[in-house]
Amino acid sequence: QSKEQFIPVLSYRTGPYAPNGVPWANGYVDYLKLVNARGGVNGVKLSFEECETGYDTARSVECYERLKSKGASFVQPLSTGATFAITEKAPADKISVVTVGYGRSESADGSVFKWNFPIAGTYWVAADAIMQAIAKKEGGFDKLKGKKISLVYHDSPFGKEPIPLLQERAAMHGFTLTLLPVTAPGVEQKATWLQVRQNRPDYVVLWGWGIMNSTAIKEAQATGYPREKMYGVWWAGAEPDVKDVAEGAKGYNAVTMQHGAEPQSKLVKDVMAMVHDKGQGTGPKEEVGQVLYMRGAMSAMLGVEGIRAAQERYGKGKVMTGEQVRWGLENLNLTQPKLDALGFAGVMRPISTSCADHMGASWARIHTWDGSKWQFTSDWLQADEQILKPLVKTTAAKYATEKKLTPRTPADCQS
Amino acid sequence: MEPKNIVLNVNGIEVIYNHVILVLKGVSLQVPEGGIVAILGGNGAGKTTTLRAVSNLLAGERGAVTKGSIELRGERIENLSPADLVQRGVVQVMEGRHCFAHLTIEENLLTGGYTRKSKAEVAANLEKVYAYFPRLKTRRTSQAAYTSGGEQQMCAIGRALMANPSMVLLDEPSMGLAPQIVEEVFEIVKDLNTKERVTFLLAEQNTNMALKYADYGYIMESGRVVMDGAAEDLRTNEDVKEFYLGVGGGERKSFKDVKSYKRRKRWLA
Amino acid sequence: MFYRENGQFKTTYRADQQILPIAQDRRFMLALLLVAFVAVPMGASDYLFRAILIPFLIFSLAAVGVNILVGFCGQISLGSGAFMAVGAYAAYNFFVRIEGMPLLVALLLGGVSSMLFGMVFGLPSLRVKGLYLAVATLAAQFFADWMFLRVQWFTNNSPSGSVSVSNLQVFGLSLESPVAKYLFCLSLLAVIALLAKNLVRGAVGREWMAIRDMDVAAAVIGIRPMYAKLSAFAVSSFIVGVAGALWGFIYLGAWEPAAFSVDQSFKLLFMVIIGGMGSIMGSFFGAAFIVVLPIFLSQFLPALAGSVGINISTAGVSHAELMVFGGLIVWFLIVEPHGLAKLWSIGKQKLRLWPFPH
Amino acid sequence: MSKKIGDVILDVNNISLRFGGVKALTDISFNVREHEIRAIIGPNGAGKSSMLNCINGVYAPQDGAITFRGQAFKYMNSHQVATMGIGRTFQNLALFKGMSVLDNIMSGRNLKIKSNILLQALRMGPAEREEIQHREAVERIIDFLEIQAYRKTPVGQLPYGLQKRVDLGRALAMEPQVLLLDEPMAGMNVEEKQDMCRFVLDVNDEFGTTVVLIEHDMGVVMDISDRVVVLDYGKKIGDGTPDEVRNNPDVISAYLGTSH
Amino acid sequence: MAFFLETLLGGLMAGMLYSLVALGFVLIFKASGVFNFAQGAMVLFAALAMARFAEWIPLYLGIANPIVANVLAFGGAGVVMFVVAWIIERLVLRHLVNQEGTTLLMATLGITYFMEGLGQTLFGSSIYKIDIGMPKDPVMILESTFEGGILINKEDLYAALIAAALVALLSVFFQKTATGRALRAVADDHQAAQSIGIPLNRIWVIVWCVAGVVALVAGMIWGSKLGVQFSLTTVALRALPVVILGGLTSVPGAIVGGLIIGVGEKLSEVYLGPFVGGGIEIWFAYVLALGFLLIRPQGLFGEKIIDRV
Ligand SMILES: Nc1ncnc2c1ncn2[C@@H]1O[C@H](COP(=O)(O)OP(=O)(O)OP(=O)(O)O)[C@@H](O)[C@H]1O
Ligand SMILES: Nc1ncnc2c1ncn2[C@@H]1O[C@H](COP(=O)(O)OP(=O)(O)OP(=O)(O)O)[C@@H](O)[C@H]1O
Ligand SMILES: CC(C)C[C@H](N)C(=O)O
Ligand SMILES: [Mg+2]
Ligand SMILES: [Mg+2]
C-alpha cells in the first residue's frame with residue numbers, strides 16, 4: 001500500500017480548548033475523507049492519523065515525533081506555541097510546517113523560513129485588516145488621531161503577535177494603544193474590563209482563543225462596553241465564542257480568515273453528500289460549514305493542494321516526499337477556477353505562493369454576530385504591503401542572524 | 001471456662017503487615033463474659049497487633065488477618081468495620097494515646113460518645129469520666145495536643161468509656177501515668193467490671209498490676225502465645241516472676257544491682 | 001530463591017554502606033546501565049528517543065530534584081515549573097549572550113541561577129509549613145510565568161517571548177542526532193542522580209529527612225532547620241533547573257513560558273508521589289508512569305478497542321485515556337500508598353522469601 | 001558504687017513558664033551535678049516535661065535563667081543546646097518515622113560531621129572515612145541497645161518499646177555530657193526496664209554522662225538516682241536523696257501515696 | 001473615587017465567587033484531612049451534568065417551563081454528585097484509611113483525571129449553557145453622587161448572595177452539631193476516630209456529597225457566568241490562595257479569604273498592573289496570601305499548626 005500519502009493530524013478534542021479544537025479537527029478530517037471520496041490526489045489516497053495534543057506544546061512535539069515516523073510530509077500544529085517548537089525541528093526532518101492563519105508572522109518570508117508556510121494569512125494580516133476596518137468605520141486612518149484602542153490579549157506568544165504591527169500603526173496614525181494581557185485560559189477578566197471601563201477606549205481588539213473569547217464578550221456585556229466596538233482576531237470569531245452569549249454578543253465583530261461560516265458553499269454540499277451521508281462524517285452534521293469547521297477544511301485543502309502541486313512536477317499519482325511537498329507548497333497557484341472546482345467558490349480568493357512569499361495572500365473580511373449567526377459586514381480588505389513587508393523582512397532577518405542562517409538565494413529557490 | 005459465656009474467641013490467627021511481614025503466627029485466646037484477661041509479653045511480641053486484629057484496625061496499618069477466625073459472641077467479626085464493632089459494644093483504647101490533637105479535652109470525650117444517641121446519657125458519661133479523672137476536668141478546655149502525656153492517656157481512656165462499652169480492649173493503659181493514677185485506672189477497670197459487667201482484654205507491661213487485677217493471662221513471645229493460665233498461677237510461676245515481675249528468686253532485686261542485661265528468653269528455645 | 005542475600009556477609013561498614021549492598025542488585029544495575037548506554041542506542045528508533053526516552057530522562061532528572069525537596073525534606077513544592085523555567089531561560093541567556101559559552105557550562109549556570117531563585121522562594125519555608133507552603137511555591141510559579149512573558153530582556157527581546165536554540169554541541173560533538181541527545185541526557189542524569197543519591201544517604205540527607213519527619217526533634221539533636229531547608233531548596237532547584245534547561249535546549253528546542261506552566265509543577269509533584277517520596281529510584285518510576293503511560297495508552301487503547309471491534313471516536317479515545325490513567329493512579333495507590341518504589345522493594349522482599357509466602 | 005559526683009553542671013534558677021492561663025512551671029530552681037543521676041518526678045501534668053523543654057530550648061520560659069557550665073542563659077535555641085552537649089529523649093516518641101533505625105541513630109551524630117555538602121555529594125576520601133567512622137560508633141550503640149536485627153527497619157514499624165530504645169540510641173549517639181530522659185521506660189516490662197537501667201547506669205559510669213531522668217516507676221527512680229526533684233502543679237515540693245524524698249510528707253500526699 | 005469603589009465592589013464580588021469554590025476544598029479538608037485536588041473537576045462535572053440535564057429535560061420530558069426544568073436539572077445533578085461521592089468512598093477512600101495526606105492528595109488526582117474523562121464522555125466537551133435567569137446587563141447606582149454612577153454587575157451580586165448564604169449554613173453545621181465535631185476528629189486521626197465508632201464510610205459519603213453539592217452550586221454560578229466547559233476546572237487554581245489565606249479548616253475563612261484576595265487582586269491589577277505591563281493579578285493573589293501567612297502561618301482562621309514534642 002505504498003500508494004497512500006500519510007497526513008498527520010494534530011488536534012485537541014479534550015481540555016480547555018476542546019470546544020474550538022473539535023470543529024477545526026472535524027473540518028480537517030472531513031476534508032481528507034472528501035478527497036479520498038473524490039478519488040484521492042491523482043489517485044493517491046490519503047491516510048491519516050489523529051493525535052491528541054490538548055493544545056500543549058510538549059504533547060504536540062510528542063505527536064509530531066510519532067506521526068513523523070509514519071511518513072508525514074507536512075504538519076499543522078494548530079498552536080502557535082507548538083509551531084515555535086516544531087519550527088526548530090522541521091528542517092532537519094524535512095517536514096513543512098503549515099500554519100493557516102497563525103504561527104510566527106515573520107515566517108511569511110520563505111527565504112529565511114524555508115519550511116514554514118503561514119498560508120493565507122498571518123496575525124499581522126489579521127491585525128492590519130482589523131485596523132483597516134476600524135479606520136473605515138471612522139472614515140479614514142486620519143480620523144484615528146487621538147483615539148484610544150485597547151488590545152485585550154491572551155498572555156502568550158500568540159497573543160503578543162499583533163503587538164508590533166499595532167504599535168507601528170499607532171505610531172503612524174497617532175492613536176494610543178493600551179495593552180491588557182489576560183492570563184490563560186482567561187476565565188477571570190474582571191480586572192481587565194474594569195480597566196476598559198476606566199480607559200473608555202474607542203475600540204477593543206480581542207486577541208483570544210478558547211474560553212477567553214466568550215468570557216471577554218460576557219464581561220463586555222456586564223460592564224456595558226458596546227460589542228459593536230469590539231473586533232476579534234479570526235480565532236475569536238467562531239460559533240463557540242459567541243454561541244452561549246447569543247443575544248449578548250450581538251454586534252460583535254471579528255476578522256475572518258477570508259472565509260466565514262459557509263453553510264451554503266459547494267464544499268459543504270460535497271461533504272454532506274460524499275462523507276456525511278455515507279455515515280462517515282466526523283462531527284455533528286449541524287456544525288458542518290461553521291467557521292472553525294471551514295477553517296479546518298481550508299487548512300486541509302491547502303496542504304493537499306501542496307501535494308497536488310508537487311505531483312505536477314514530480315510525477316502524478318506518486319506518493320510525495322517531504323521535500324517534494326515543500327516544493328509544492330512553495331509553488332501553489334490556486335486560481336479561481338481551481339478553487340471553484342474544489343468547492344471553495346465564494347469562500348476564498350486565489351492564492352499563490354512563492355519562494356519569497358510563503359503566505360500567498362493577505363485578504364480578509366469582517367463578519368459580525370447578529371445574535372444567531374455570523375454575517376459578513378465588510379468588503380474584502382487587504383493588509384497593507386507597505387507596512388507588512390518591512391516588518392516581515394526585519395524580523396525574519398533578525399531570526400536569521402540569531403540562527404546564523406543565510407537567507408536563500410534565488411538559485412536556491414529553484415530546487 | 002464454659003464455652004457458652006465466651007464473648008471473644010480468637011482462633012489461630014495469623015497477621016501479616018504489608019503483605020510480607022508475618023507477625024502473628026497462630027494466636028488463640030478466649031475472653032469470657034465479664035472477665036478481665038491480660039496479654040503479657042515483651043516489646044514486639046505482638047500484643048498490639050492482636051488487639052488491632054480484634055478491633056479491625058489493622059487495615060489502616062496495612063495489615064491483614066490471613067488465617068484463623070475471630071468471633072464475638074459467636075459471630076464472625078473479621079469483616080465488620082471498626083464502627084460496627086463499637087455498635088456491638090467493643091471499644092479499643094489505642095496504644096500511644098491518639099487523642100484528637102486539635103480538639104479540646106472535652107470535645108475529645110464528647111466525640112467518644114458519638115455512638116450514643118441520648119444527650120442525657122452522654123452528659124452522664126461525661127460526668128462519670130470527670131469523676132474518674134478529675135485532672136481532665138481542670139484541663140477540659142485545652143487542646144489535647146497541649147496537654148501532658150499522662151493527661152492524654154487519661155483522655156484516651158476516658159474517651160473510650162464514653163461509648164458505654166460492654167467490652168474494652170486496653171492497650172498499655174498504664175503507660176506514662178503516675179503510679180497513683182495507674183492504680184486508679186485499674187480500680188476503674190475493676191469497678192466497671194464488677195458493677196457494669198464490662199469485659200476487658202488488656203495488653204500491659206505493668207505485669208504486676210495486670211496480674212493483680214486480671215483473672216486470666218496470656219503470655220506472648222514473638223507472635224505466639226507461649227503460656228497461659230489463671231492469673232494467680234502465672235503470678236506464682238517462677239519464670240514469670242523472674243522476667244515479668246522482677247522478683248525472681250524471692251526478693252525484688254534493686255534495679256541498680258541488675259548486672260547483666262544480656263539474657264535472652266527462654267520458653268521456646 | 002534467586003534473590004537471596006544469604007551468605008553475603010558484610011565484613012566492613014564500607015561494604016555495608018555501598019549504594020547497593022546486595023550482589024544481585026549490583027549486577028542488575030550494571031546490566032541496566034549497559035542496556036541504557038549501549039543496547040538502547042543501538043536498537044531504539046528515532047521516535048522512541050525523541051518522544052519517549054529523552055523526555056523520560058529529563059523528567060526523571062527533574063523528579064529527582066523535586067524528590068529531594070518534597071520527598072526527602074518534606075517541603076511541598078508546586079513551583080518546580082518555575083525552577084525549570086529559570087534554569088531554561090538563564091541557560092539561554094548565558095548561552096546566547098556570552099560568545100563561545102560552552103553548552104554544558106550554560107546548562108550548569110542555568111542550574112545555579114535556578115538554585116538562587118529557589119533559595120529566595122524557599123525562605124518562607126522557615127515559617128510556613130505543609131500545604132500552606134504550597135502558596136509560596138505557587139507564587140514562585142506564577143511570578144516566573146509572568147516575568148518571562150513580561151520582561152523582554154530575558155527572552156533576548158524576542159517580541160513573542162518565545163526563544164529558541166540550535167547548533168548545540170558538547171566537547172565539539174554535535175548534539176543534533178537523537179542518539180547524541182539521548183546519551184547526553186543520560187550521562188547528565190546518571191552523574192547527577194549518583195551525586196543526589198550520595199547526598200541523601202549521607203549526613204545532609206539525614207538532616208533533610210529529620211526535618212521532614214519531626215522538625216522539633218531534629219532541632220533538639222542539633223540540626224538547624226534553616227540550613228537544612230535552604231540546602232534542600234538549593235540542591236533541589238539546582239537539579240530542577242538543569243532539567244529545565246535540558247527540556248528547553250534538548251527536547252523542545254524552542255519554548256515559551258507556557259512550557260513551564262503550573263501543569264508542569266503538578267506533574268512533577270505527581271511523579272514524586274506516585275514514584276515514591278524519599279526515593280531516588282522512585283523518581284524514575286514516577287517519571288515513567290506520568291510521561292510514558294499516557295503516550296502508551298494513547299496508542300494502545302485505540303488498538304485494543306479496534307481489536308475487539310469497537311470503534312471509538314478520537315475524542316472518545318482521549319477521554320478513555322484520561323479515565324484509565326486516573327484509575328491506574330488510584331489502583332497503584334491502593335496497592336501501595338508509598339509509591340512504586342515501595343512496591344518494587346516489597347516485590348524484592350517477596351522474591352527473597354520465594355517460594356515461601358512469608 | 002565508686003562514683004565521683006562533681007560540681008554543678010546545670011543550674012536552673014527561678015524558672016517560670018506559662019501558657020495562657022496555665023502555669024506549667026512556677027519559680028522552679030534546682031541544680032544538677034556533674035556525673036550524677038538526677039530524677040524529676042511528679043504527678044501527671046506537673047510540668048516535668050515542660051522543664052526539659054525549657055532546658056532544651058523548645059520552650060522559652062517567661063522568667064528565670066538556666067546556667068550550663070557557668071554560662072547563664074535566659075533562652076537558648078535548640079541548636080545551641082545541642083552543640084553544648086545536652087542530649088534528650090522524648091516522652092511521646094519523636095523519632096524520624098520515615099527513616100530506618102540506623103539513620104535515626106546516625107542523625108544523632110550529625111553535629112560531629114565535618115565534611116561539607118560538596119564532599120558528601122562526591123562521597124570520596126574524608127567524607128566517606130568520616131561516614132564510616134560514625135557508623136562504627138553507631139553500631140556500638142546498636143549493639144549496646146540490642147536492636148541489631150532492626151537496623152534497616154523504618155522506625156515507624158517498630159513496636160513501641162523498641163522505638164523508645166531507638167530514641168535513647170539517638171540521644172546517646174550525640175555523646176552528650178548531659179542526657180535528659182523523659183520517661184524512657186514507659187511501656188516496658190520489668191525485664192526490659194532492668195535492661196534500660198543497666199544502659200543508663202553504664203552510660204553514666206563509663207562515659208561520665210550526667211543524667212536527668214523523668215520516670216513514673218518509683219522502683220527505678222529510687223534505685224538508680226542520686227537525687228530527686230519533685231514537682232507538683234508546676235511547683236517544686238521536694239528535693240533531695242531518694243530516701244529524703246520518700247519520706248517527705250508533701251511528696252507522699254501529692255504523688256507517692258501510701259503504697260510506696 | 002467612583003472608579004475605586006467600582007473596583008472594590010468588583011473585587012468583593014469576584015472574591016465571593018472564589019469563596020464558593022474554596023468552600024469545597026475546606027469542607028473536605030476539614031472532614032478528612034484530604035486536600036481534594038479533584039474539587040475543580042467536581043465543579044466541572046456538576047456543572048456539565050446540570051447544563052446537559054437542563055438541555056435534555058425539555059427535550060425528552062417535554063417540560064417547557066424553564067424554572068421547573070432548571071430545578072429538575074439541579075436536582076438531577078445533585079443526585080449525580082451523590083452517586084459520585086458514594087463511588088469515590090467505595091472505590092477509593094475506603095481503601096486508603098489512615099494513609100498520609102500526600103497519598104490521599106494523589107488519589108484525588110487520580111479521581112480528577114477520571115472525572116475529567118468521564119464527564120466529557122458522558123456530557124460532551126463543547127461549551128454548554130446554564131441559564132438560570134441571571135440578569136446579564138449592568139445597573140448603575142449612586143448616579144447622583146458620582147458622575148456616571150457606579151456600575152454593579154447584578155449577576156455577580158446574586159452569586160455573591162448565594163455564596164454568602166451557603167457559607168453561613170455550613171458554618172452553623174460545623175460549629176454547632178455533633179457531626180461537625182466528629183468530622184474534625186476524623187481529620188485529626190482516622191484510626192482513633194474509627195476506634196471510637198465513628199463510621200468513616202458514612203461520614204465520607206456525606207462530606208463528599210455536601211462538597212459535591214457545593215461544587216454544583218459553584219459550577220452553576222460560574223457556569224452561568226462563563227459557560228460550562230473544561231476551563232471551569234481552572235477556577236480551582238484561583239481559589240487556592242483563598243483557601244489557604246483563610247485557613248484550610250475554616251469555613252468563614254473561605255469567605256474572608258475570598259474577599260481579601262478578590263479585592264487585593266483587582267486593585268493590584270487595576271492600579272499596579274499598568275506600571276509593569278499588566279497580568280499580575282494571579283501572582284499577586286499568591287504573594288498577598290503569602291504575606292498573610294508569614295504573619296499567621298496557619299492562615300487567618302486556620303487551626304493552629306501543632307508541633308509539640
Ligand atoms: N505497621 C506495621 N508494619 C509492619 N510491621 C509492624 C507494624 N506494626 C507492628 N509491626 C511489627 O509487628 C511486631 C509486633 O508488634 P506489636 O506492636 O504488636 O508488639 P507489642 O507486643 O505491642 O510491643 P510493645 O509492647 O512494644 O508495644 C513487631 O515486630 C513490629 O515490628
Ligand atoms: N505547649 C503547651 N501549651 C499549653 N499547655 C501546655 C503546653 N505544654 C504543656 N502544657 C501544660 O503544662 C502542664 C505541664 O505539662 P508537662 O507535659 O510538663 O507535664 P508532665 O509533668 O510531663 O506530665 P506527664 O507525667 O503526664 O507527662 C500540663 O498541664 C500541660 O497541659
Ligand atoms: C488555533 C490557534 C492556532 C490559535 C491559538 N491561540 C494559537 O496558538 O495561535
Ligand atoms: Mg504494643
Ligand atoms: Mg511528661
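Side chains are part of it too, since the values below use all heavy atoms of this structure and drop only hydrogens, waters and symmetry mates. A, B, ... follow the sequence lines: proteins, then strands. Residue 1 opens every chain.
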Side chain from CB out, backbone as N, CA, C, O: work out which of these in [X] comes under 4.5 Å of a heavy atom of chain C, or both, or neither.
{"X": "V243(E)", "answer": "neither"}
{"X": "F37(E)", "answer": "side chain"}
{"X": "E116(E)", "answer": "both"}
{"X": "L248(E)", "answer": "both"}
{"X": "L104(E)", "answer": "neither"}
{"X": "T108(E)", "answer": "neither"}
{"X": "L122(E)", "answer": "neither"}
{"X": "L237(E)", "answer": "side chain"}
{"X": "I305(E)", "answer": "side chain"}

Between F233(C) and F83(C), how do the two ring planes meet: parallel, tilted or perpendicular, split at 30° and 60°? perpendicular
Gap separating the [atom1] atom of [X] from the [atom2] atom of [Y], nearest 0.5 angstrom:
{"X": "L44(E)", "Y": "S125(E)", "atom1": "CG", "atom2": "OG", "answer": "10.0 Å"}
{"X": "L293(E)", "Y": "I244(E)", "atom1": "CG", "atom2": "CD1", "answer": "7.0 Å"}
{"X": "Y132(C)", "Y": "R296(E)", "atom1": "OH", "atom2": "CZ", "answer": "9.5 Å"}

Is it the case that Y18(E) and E265(E) place a side-chain donor and acceptor less than 3.5 Å from each other? yes
Which atoms of [X] come close to chain E, meaning under 4.5 Å heavy atom to heavy atom: side chain ones, backbone ones, both, or neither?
{"X": "R127(C)", "value": "both"}
{"X": "V262(C)", "value": "side chain"}
{"X": "L322(C)", "value": "both"}
{"X": "F332(C)", "value": "neither"}

Step-by-step salt bridge (Lys or Arg N to Asp or Glu O under 4.0 Å) determination, R212(C) to E207(C): CA-CA 9 Å; R212(C) 166 193 74 191; E207(C) 293 194 2; over 6 Å; no
Pick from V216(C), V128(C), I334(C) with the largest number of heavy-atom pairs that fall under 4.5 Å of chain E: I334(C)
Would one find more than 12 heavy atoms of other residues, nucleotides or ligands at under 6.0 Å from atom CD of E100(E)? no
For atom CH2 of W56(E), decide whether the heavy atoms of other residues, nucleotides or ligands shown that lie under 6.0 angstrom number more than 12.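 Enclosed.
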In the structure I gave you, are the side-chain heavy atoms of E269(E) and F284(E) within less than 4.5 Å of one another anywhere?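 They are not in contact (no side-chain heavy atoms under 4.5 Å apart), so the answer is no.
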